[in-house]
Amino acid sequence: MRHAHGGKSFILGTEQARRMEAKRPNTKLIVFEECGHGVHSDDLNGYYQAVNDFLMEQK
């Protein structure tokens with residue numbers, strides 16, 4: 001599982017996201033430092049690349 005997190009999110013802090021990652025087996029946190037809560041809106045290309053990388057790892 002991948003968890004895309006916006007480093008500037010006002011809804012979920014990065015430390016909370018890291019705690020969530022630690023409690024979920026096989027989860028990798030990807031922090032988009034310059035994004036808010038809507039990572040897919042703030043950095044569409046970066047989000048696409050993260051999803052694509054994840055899917056390629058599943059092959």
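Keep in mind that the numbers below use all heavy atoms, side chains included, and drop hydrogens, waters and symmetry copies.
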Legend entry - side-chain hydrogen bond (donor to acceptor under 3.5 Å, both in side chains) evaluation trace for Asp53 with Gln49: CA-CA 6 Å; Asp53 290 348; Gln49 187 63 54; 2.7 Å; yes

Inset, instruction - Go through the steps for His3 and Thr27 under the test side-chain contact (heavy atoms from CB on, under 4.5 Å), then give the verdict. - result: CA-CA 7 Å; His3 177 177; Thr27 296; 4.2 Å; yes

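Put simply, the side chain of Glu21 gets close to the backbone of Leu29: a donor and an acceptor are under 3.5 Å apart.
Every residue meeting the salt bridge (charged side-chain N to carboxylate O under 4.0 Å, His left out) condition with Lys8, not counting sequence neighbours, appears here in chain and number order: Glu34. Evaluation of the side chain to side chain donor-acceptor pair (under 3.5 Å) rule for Arg2 yields Glu57 as partners, not counting sequence neighbours.
Both Val51 and Phe54 are part of a single hydrophobic cluster, where members link through side-chain heavy atoms under 4.5 Å apart. Both Leu55 and Phe32 are members of a single hydrophobic cluster when ILVMFWY side chains are connected at heavy-atom separations under 4.5 Å. Hydrophobic clustering keeps Ile30 apart from Leu12 (ILVMFWY residues linked when any side-chain heavy atoms are closer than 4.5 Å, directly or through intermediates).
Taking every heavy atom of both residues into account, Cys35 and Asp43 meet most closely at SG-CB, 3.5 Å.
In this structure, CG in Asp42 is found 12.5 Å from OH in Tyr47, a value given to the nearest 0.5 Å.
The side-chain heavy atoms of Thr14 and His5, taken from C-beta on, include a pair separated by under 4.5 Å. In this structure, Met1 and Asn26 have side chains that are not in contact, with every pair of non-hydrogen atoms separated by 4.5 Å or more.
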